[in-house]
Chemist: 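Structure in C-alpha cells, see below.
Note that these values count all heavy atoms, side chains included, but never hydrogens, waters or copies made by symmetry.
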Amino acid sequence: MNIQERYRLWSENPYFDEKTHQELKQISDPQEIEERFYMDLEFGTGGLRGIMAAGTNRMNKYVIRKATQGLAECVCDHGPEGMKRGVVIAHDSRRYSTEFALEAALVLARNGVKAYLFEALRPTPELSYAVRQLHALSGIVVTASHNPKAYNGFKVYWEDGGQVPPLKADQILARIEARENWLGLEPMPIEQAKTSGLLEIIGEEIDRPYLANVLKLALHPDLDLKKGPELHIIYTPLHGAGNILVRRALAELGFSSVTVVPEQELPDPEFTTVPYPNPEIPATFELARKYGTQMQADLLLATDPDGDRLGVVLRDPKGDFTQLTGNQIGVLLTYYILSQKKALGILPENATIIKTVASTDLADEVARYFNVRVENVLTGFKFIAEKEKEMEEGGWGTFQFGFEESYGYLAGDFVRDKDAIIASVLLAEAALYYQQIEGRSLFDVLESIYKQFGYYLDDQESLALEGIQGKEEIAKIMTSLRHEEIHDLGGINIERFDDYDQTIGKDMSTRLTYSLTLPRSNVLRYSFNGGGFVMVRPSGTEPKIKFYFSVKSDTLSEAEDTLRTIKADVMQRIARIRSV
C-alpha cells in the first residue's frame, strides 16, 4: 500500500474505531499524513517506541495488536509447551498503558498463548524477574521509559528475562512485516480469556519473592536495620511504577526516614510536575530539592516512570544539593560493592563487572585495582544482560555489577535488565556505611577515587532531529564523520578510532587497523591518549543523535577546561556538516 491507501484504510474501514476515523479526517496537512503513514513504526531489538496517535508510524492499539501478533506467532513456533509457558505483561503509568497491556494479553489469548498480566503498574525490572520466576517464554512491558508524555512503547523480553536478543527480534520483525494487512486482529473477549485460563492476573505473589531477592543484595543488613533511620532520604517516583517497591525495599531493610514527594507520588500520565520525566535532568529534582532542604535530607533519589533508571542528588560539603552523573553513580557503586566484598572475604576470584563502551573508563581503573575483570559491551542494557548470561553459562566469570552511563544499574542474578529498586537499596546502604562507619559522605568517597585514579569528567549532548528529514540528517552526520580522518579533538590527540558499524578500529599513531569483537552497531568512538573518549551514535529509541564526552586530567579544573574545549570542537564540526 502507498501512503494514501494506508490513510484511507485507517480513516474509513470499520475495523478501526470511530475515534481513529475522526482523528485522521481532521488532519489537513499532507506532511502530517505522510509522517504518520510513510512507514510502520520500527521494531528494533528492544521493541517499539513512538508518539501516541493514529497511524502506522505511531503508537496505538492497532500497532500493539500487529506487534503482539508477530510475537504470538514466534511463541507458537515453540509448540504447545511454549504456548503454555506464555508471556508476562507489565505496564507503566503512561496514557493508554493499561489498555495497551490488556490488548496485548488478549491478542496472545486469541492465539492460544497464556498471558500473565500484572494487576496494576509494575516496574520493568520486576517484569524481567517475573519472566524468570514463572518460567515464561517471553515478556512485554508497555512503557516509553523516560520519554516525554506524548510517547509510549512496547518492549519485548525473552525467556532469560533479558530484552529480546537480535536474532529473535529479527524473527518477530519478519512475522510482523509478513502481515501487510492490518485487519482481522481482534483480541479475545476478556471474560473468555479468563475462563479459558489464557489470561491470569498476577501481583503480590511476584512482588514478595522479588523483594526478598533485592534484600539479599545488602552487604551490611545489620547496619541497615540498626542505623538506617539515621539516613534521611527524599524519594520521588516521578508519578511512575517505582513508588511501592522502592519504598517497601528501603523500609524492610531499615531505612525508615524516607519522605516521598507527595506531588509526585501517584501515577499521572500527564507528568504535570515535571517537564520531562527523566531523572537525568536536574529539573526533575526541583520538588525533591525543596523537601530535601526543609528536612535536611542526606540523599535525594528519583526513579523514572518504569522504575529502571535511578537519579541521585547528594548534599555536598557546602550544604547544597548536587546531582551526580550516571557515571559517578556507577563508579561509586562499583567501588562500594568491590571494596566491601573484598573486605568481607566474599569477592570471587573470577569477579567481573560489565559496562558499556559509552560509560566512563574510570570504572575500568577501579575494577583493575581490585583485580576484577571488566567486560565492555555496546550501548544498551540488553548487551550487559547478554554478557551476564554468557558468563553464567560459560562459567568463566561471576557477575558483580553492571551499569551504563544513562542511569542504569544492576547487581544480582535474578533480573536481566537495569533495576532502580536494586540501585536505590545499594546506594542508600553505601551512603549509610560511609556515614556511620567511616565518617565520610559519598562526595568524600568520590573525591578520594578521583585523587587515586585521576579526574574523569563526562557529559552528553543530543540533537533532536525528527521525521523523515531528521532521519536523513542523522545519516549524513554519521557518514561524514565515518569518512573524515580526525587526529585530534580540542587539541587532544586521538589514540584509537573505532567504527562499530564496520567492526574495524584504527591505531592513529601506527595507522594499523584491527578487528572489533562486538556486534555491528552504528557507533563511532574516538579514544584519547591518556584516557577519555568521544562517542557518537544515533539513539535507538528516540529521534536523536547522541554525543558522549569523557575526559581525564590531573585536577578538576584541568578536566573542566578540557571537557569544555572538546565539546566545543565536536559541536562546531557537527554544525559544519549540517550546513553543507
Chemist: Please tabulate, for side-chain N and O atoms in residues 457-464, each donor-acceptor pair with protein atoms closer than 3.5 Å (sequence neighbours left out).
Modeler:
{"unit_1": "Asp458", "atom_1": "OD1", "unit_2": "Asn327", "atom_2": "ND2", "d": "3.4"}
{"unit_1": "Asp458", "atom_1": "OD2", "unit_2": "Asn327", "atom_2": "ND2", "d": "3.3"}
{"unit_1": "Asp459", "atom_1": "OD2", "unit_2": "Lys567", "atom_2": "NZ", "d": "2.7"}
{"unit_1": "Gln460", "atom_1": "NE2", "unit_2": "Glu405", "atom_2": "OE1", "d": "2.5"}
{"unit_1": "Glu461", "atom_1": "OE2", "unit_2": "Lys567", "atom_2": "NZ", "d": "3.0"}

Chemist: With a 4.5 Å heavy-atom cut-off, do Leu518 and Val357 have their side chains touching?
Modeler: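 Yes, at least one pair of side-chain atoms sits under 4.5 Å.
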Chemist: For His220 and Glu429, does a side-chain donor sit closer than 3.5 Å to a side-chain acceptor?
Modeler: no
Chemist: Is it the case that more than 12 heavy atoms not belonging to Glu349 sit under 6.0 Å from its CD atom?
Modeler: no
Chemist: Is any NZ, NE, NH1 or NH2 atom of the basic residue among Glu404 and Lys355 found under 4.0 Å from an Asp or Glu carboxylate oxygen of the other?
Modeler: no
Chemist: Counting only heavy atoms not in Tyr96, do more than 12 fall under 6.0 Å of its OH?
Modeler: no
Chemist: Measuring from Asp413:CG to Leu217:CG, what's the distance to the nearest 0.5 Å?
Modeler: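 Rounded to the nearest 0.5 Å, the CG-CG separation comes out at 8.5 Å.
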Chemist: To the nearest 0.5 Å, tell me how far Arg496 CZ sits from Ser527 OG.
Modeler: 4.0 Å
Chemist: Regarding Lys387 and Glu392, does a basic nitrogen lie under 4.0 Å from an acidic carboxylate oxygen?
Modeler: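 Result for this pair is no, no salt bridge flagged.
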Chemist: Can you confirm whether Met295 is buried at CE, in the sense that more than 12 heavy atoms of other residues, nucleotides or ligands lie under 6.0 Å from that atom?
Modeler: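 Result for CE/Met295: open.
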Chemist: With heavy-atom distances below 4.5 Å as the criterion, would you say the side chains of Leu287 and Thr273 are in contact?
Modeler: yes
Chemist: Check for me whether Arg309 meets the cation-pi criterion with Tyr407, that is, NZ or CZ under 6.0 Å from the six-membered ring centre and within 45 degrees of the ring axis.
Modeler: no
Chemist: Mind checking the NZ-CG spacing from Lys451 to Asp554? Nearest 0.5 Å is all I need.
Modeler: 13.5 Å
Chemist: Is Thr562 reaching over with its side chain to a backbone N or O of Ala559, donor-acceptor style, under 3.5 angstrom?
Modeler: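 Absent.
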Chemist: Taking the side chain as C-beta and beyond, is there a heavy-atom pair between Asp417 and Lys155 under 4.5 Å?
Modeler: yes
Chemist: When you measure from the side chain of Ser128 to the backbone of Gly161, do you find a donor-acceptor pair of N or O atoms at a distance under 3.5 Å?
Modeler: yes
Chemist: For Leu223, look at atom CG and say whether over 12 heavy atoms of other residues, nucleotides or ligands are found less than 6.0 Å away.
Modeler: yes
Chemist: Pairing donors with acceptors under 3.5 angstrom, does anything connect the side chains of Gln328 and Tyr450?
Modeler: yes
Chemist: With a 4.5 Å heavy-atom cut-off, do Phe403 and Leu410 have their side chains touching?
Modeler: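 Counting from C-beta outward, Phe403 and Leu410 never come under 4.5 Å.
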Chemist: Does Thr303 reach the side chain of Ser424, with side-chain heavy atoms less than 4.5 Å apart?
Modeler: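 They are in contact (side-chain heavy atoms under 4.5 Å apart), so the answer is yes.
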Chemist: Evaluate the side-chain contact (heavy atoms from CB on, under 4.5 Å) criterion for residues Ile234 and Val261: first the C-alpha distance (whole Å), next the side-chain angles of each, then the deciding distance (0.1 Å), finally the verdict.
Modeler: CA-CA 7 Å; Ile234 304 295; Val261 176; 3.8 Å; yes
Chemist: Atom CZ of Phe118 and atom CD of Glu204: how far apart are they, to the nearest 0.5 Å?
Modeler: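 Spacing of CZ (Phe118) from CD (Glu204) equals 10.5 Å.
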Chemist: Determine whether a donor-acceptor pair (N or O, by modelled atom type, separation under 3.5 Å) exists between the side chain of Asp361 and the backbone of Asp364.
Modeler: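 Such a contact is absent between Asp361 side chain and Asp364 backbone.
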Chemist: Given 3.5 Å as the limit, does a donor-acceptor pair link the side chain of Glu205 with the main chain of Gly203, or not?
Modeler: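 Yes, Glu205 side chain to Gly203 backbone: donor-acceptor pair under 3.5 Å.
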Chemist: Determine the interplanar angle of the Tyr210 and Phe414 rings, folded into 0 to 90°, and report it as parallel if under 30°, tilted if 30 to 60°, perpendicular if over 60°.
Modeler: perpendicular
Chemist: Strictly distance-based, threshold 3.5 Å: is any side-chain N or O of Arg94 a donor or acceptor partner for the main-chain N or O of Tyr151?
Modeler: yes
Chemist: Are Leu134 and Val88 packed together at the side-chain level, in the sense that at least one heavy-atom pair is separated by less than 4.5 angstrom?
Modeler: yes
Chemist: Is it true that atom CG of Asn371 has more than 12 heavy atoms of other residues, nucleotides or ligands lying nearer than 6.0 Å?
Modeler: no
Chemist: For Thr236 and Gln264, does a side-chain donor sit closer than 3.5 Å to a side-chain acceptor?
Modeler: yes
Chemist: Tell me yes or no: between the side chains of Asn147 and Arg49, is some donor less than 3.5 Å from an acceptor?
Modeler: yes
Chemist: Check whether any side-chain N or O of Ser550 sits under 3.5 Å from a backbone N or O of Gly532 as a donor-acceptor pair, and report yes or no.
Modeler: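 No.
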Chemist: Evaluate side-chain contact (heavy atoms from CB on, under 4.5 Å) for Val445 paired with Ile449, printing each intermediate quantity in order.
Modeler: CA-CA 6 Å; Val445 177; Ile449 292 171; 4.1 Å; yes
Chemist: Is the closest side-chain donor-acceptor distance between Ser359 and Thr356 under 3.5 Å?
Modeler: yes
Chemist: Does Glu159 come within less than 4.0 Å of Lys389, counting only side-chain N to carboxylate O?
Modeler: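 No.
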Chemist: Does the gap between the ring centers of Phe370 and Tyr335 come in under 6.0 Å?
Modeler: yes
Chemist: Charged N to carboxylate O under 4.0 angstrom, Asp498 versus Arg537?
Modeler: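 Looking at Arg537 together with Asp498, the answer is no, because their closest N to O distance does not fall below 4.0 Å.
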Chemist: Are the charged groups of Glu558 and Lys552 less than 4.0 angstrom apart, N to O?
Modeler: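 Between Lys552 and Glu558 there is no salt bridge, as every charged N stays at least 4.0 Å from the carboxylate O atoms.
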Chemist: If we ignore angles and hydrogens, is there a donor and acceptor under 3.5 Å between the side chains of Gln133 and Tyr129?
Modeler: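 The answer is yes; a qualifying pair exists.
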Chemist: Whether the side chain of Arg315 engages the backbone of Gln296 through a donor-acceptor N/O pair (distance < 3.5 Å, no angle test) should be reported.
Modeler: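 Flag set: sc Arg315 to bb Gln296 pair under 3.5 Å.
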Chemist: Does a donor on one side chain and an acceptor on the other come within less than 3.5 Å for Asp306 and Thr124?
Modeler: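 Their side chains do contain a donor-acceptor pair, which is all the 3.5 Å distance test asks for.
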Chemist: Got Tyr369 and Gln452 here, is their nearest side-chain heavy-atom distance under 4.5 Å?
Modeler: yes
Chemist: So does Glu252 pair up with Arg208, basic N to acidic O under 4.0 Å?
Modeler: yes
Chemist: Within a strict 4.5 Å, meaning less than it, do heavy atoms of the Ser138 and Tyr157 side chains meet?
Modeler: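 Contact flag for Ser138/Tyr157 side chains = no.
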Chemist: Is it the case that the side chain of Thr143 and the backbone of His91 share a donor-acceptor pair, with hydrogens and angles ignored and the cut-off at 3.5 Å?
Modeler: no
Chemist: With distance as the sole criterion, is a donor-acceptor pair present between the side chains of Tyr526 and Glu495 under 3.5 Å?
Modeler: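 Looking only at side-chain atoms, Glu495 and Tyr526 do not form any donor-acceptor pair under 3.5 Å.
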Chemist: Who passes salt bridge (charged side-chain N to carboxylate O under 4.0 Å, His left out) against Asp561, sequence neighbours left out?
Modeler: Arg564
Chemist: Charged N to carboxylate O under 4.0 angstrom, Glu265 versus Arg247?
Modeler: yes
Chemist: List the steps and the verdict of side-chain contact (heavy atoms from CB on, under 4.5 Å) for Tyr548 and Thr379.
Modeler: CA-CA 11 Å; Tyr548 302 79; Thr379 305; 4.2 Å; yes
Chemist: Any carboxylate oxygen within less than 4.0 angstrom of a Lys/Arg side-chain nitrogen, looking at Arg122 and Asp92?
Modeler: no
Chemist: Could you walk me through whether Ile202 and Glu119 pass the side-chain contact (heavy atoms from CB on, under 4.5 Å) check?
Modeler: CA-CA 6 Å; Ile202 57 175; Glu119 62 188 358; over 6 Å; no
Chemist: At what distance, to the nearest 0.5 angstrom, does CZ of Arg368 lie from CG of Leu338?
Modeler: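 So the gap between those two atoms works out to 13.0 Å.
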Chemist: Just verifying a value: how many Å separate Glu560 CD and Thr565 OG1, rounded to the nearest 0.5 Å?
Modeler: 11.5 Å
Chemist: Salt bridge or not between Arg95 and Glu270? Use side-chain N to carboxylate O under 4.0 Å.
Modeler: yes
Chemist: Can you check whether Leu362's main-chain N or O pairs, donor with acceptor, with Thr360's side chain at less than 3.5 Å?
Modeler: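 Between the backbone of Leu362 and the side chain of Thr360 there is a qualifying donor-acceptor contact (under 3.5 Å).
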Chemist: Under 3.5 Å, is there a donor-acceptor pair between the side chain of Asp268 and the main chain of Thr272?
Modeler: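 Here the side-chain-to-backbone pair exists.
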Chemist: If the test is side-chain contact (heavy atoms from CB on, under 4.5 Å), which one of Leu324, Thr322, Leu300, Asp298 qualifies with Leu314?
Modeler: Leu324
Chemist: NZ of Lys226: more than 12 outside heavy atoms within 6.0 angstrom?
Modeler: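 No, not enclosed.
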